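Since the structure comes first, as structure tokens, the remarks are kept for the end.
Throughout, residue positions are numbered sequentially from 1 according to the sequence presented. The structure displayed is predicted, hence computed values, not measured ones.
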Amino acid sequence: MLASHADRERAVDVLRAGFAEGRLEKDEFDRRVSRVHAARTVGELALVVADLPQGPVPHPGPVAAVPQVFLATPRPAQNGHAVGSAVCGLLCLLTAGLTGIPAVVLGHTARAEIRRTGEDGDGLALTGLVLGWLSVGGWALFWLLLIAVEVLD
């Protein structure tokens, strides 16, 4: 079968990879490229690159494994309930305290899950709890004062 320009370019690419990997000297590379451009059939091209790998050869990785001491420890996952608690606690300021009770419920749920699973996010859960309880306590105090004012009148 007659060789096409694409066949010749593929053969030259194989030669370039072999030269870059140190498998061919400069003068041998030049001679083979000349033979590729002079080749008329695919069989002639195959003979020029027969002793080379058909493309770059991947180099094997290091044989010795890295000791466990030097590997980074994976971070525990962030607890979703803790994130929800913190968000609800922060939204207490914008929603006039409507998200206080969900912040408290999610905060207690998150802290229990964190103790059981070792997940991250205890600070977020605690933030949600504090803001939620402040909101709930503030509303309770407001209603108690309102009732006391009505009773005393």
Side-chain angles (χ1 to χ4, degrees), residues 1-140:
M1 178 186 315
L2 292 177
S4 68
H5 293 298
D7 295 330
R8 288 185 186 86
E9 287 303 315
R10 277 192 292 275
V12 170
D13 287 342
V14 171
L15 291 173
R16 282 186 190 128
F19 179 68
E21 292 172 351
R23 299 177 191 278
L24 299 173
E25 297 292 325
K26 175 69 172 139
D27 59 333
E28 184 180 4
F29 171 74
D30 292 335
R31 279 195 315 269
R32 288 189 186 205
V33 169
S34 298
R35 284 180 53 198
V36 164
H37 290 298
R40 295 215 7 98
T41 64
V42 175
E44 291 175 41
L45 293 176
L47 290 175
V48 174
V49 296
D51 60 338
L52 295 172
Q54 301 298 307
V57 177
H59 295 286
V63 177
V66 176
Q68 187 68 27
V69 176
F70 297 114
L71 295 176
T73 56
R75 292 189 65 193
Q78 193 82 346
N79 186 285
H81 289 116
V83 173
S85 175
V87 168
C88 287
L90 291 172
L91 287 177
C92 284
L93 304 171
L94 300 174
T95 61
L98 292 176
T99 57
I101 292 175
V104 170
V105 171
L106 287 171
H108 284 296
T109 304
R111 293 198 75 196
E113 286 179 1
I114 289 168
R115 280 192 298 273
R116 189 178 68 245
T117 63
E119 290 177 309
D120 212 10
D122 193 49
L124 292 172
L126 194 56
T127 300
L129 278 171
V130 168
L131 293 174
W133 277 118
L134 284 174
S135 173
V136 170
W139 276 106

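Using bins of under 30°, 30° to 60° and over 60° for the plane-to-plane angle, the ring pair W133/H108 lands in the perpendicular bin.
The backbone N or O of A103 lies less than 3.5 Å from a partner atom in the side chain of S85, making a donor-acceptor pair. At distances below 3.5 Å, not a single donor-acceptor pair connects side-chain atoms of W139 with backbone N or O atoms of L98. Under a 3.5 Å cut-off, the side chain of R23 and the backbone N or O of A17 do not form any donor-acceptor pair. Formation of a donor-acceptor pair under 3.5 Å by the S34 side chain with backbone atoms of D30 is found in this model.
Applying the side chain to side chain contact (heavy atoms under 4.5 Å, CB included) test between H81 and each of T109, V105, L124 identifies T109 as the sole match.
Minimum interatomic distance between C88 and T99 (heavy atoms only, all atoms of both residues): O-OG1, 2.7 Å.
Residues forming a salt bridge (charged side-chain N to carboxylate O under 4.0 Å, His left out) with E28 (at least two apart in sequence, or on another chain): R32. Looking at residues two or more places apart in sequence or on another chain, you find a salt bridge (charged side-chain N to carboxylate O under 4.0 Å, His left out) between R75 and D120. Listed by chain and residue number, V12, V33 satisfy the side-chain contact (heavy atoms from CB on, under 4.5 Å) test with H37 (two or more places apart in sequence, or in another chain).
More than 12 heavy atoms of other residues, nucleotides or ligands shown are found within 6.0 angstrom of CG on L126.
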Item to check | Full working for salt bridge (charged side-chain N to carboxylate O under 4.0 Å, His left out) between R10 and D7 | outcome: CA-CA 5 Å; R10 277 192 292 275; D7 295 330; 2.4 Å; yes

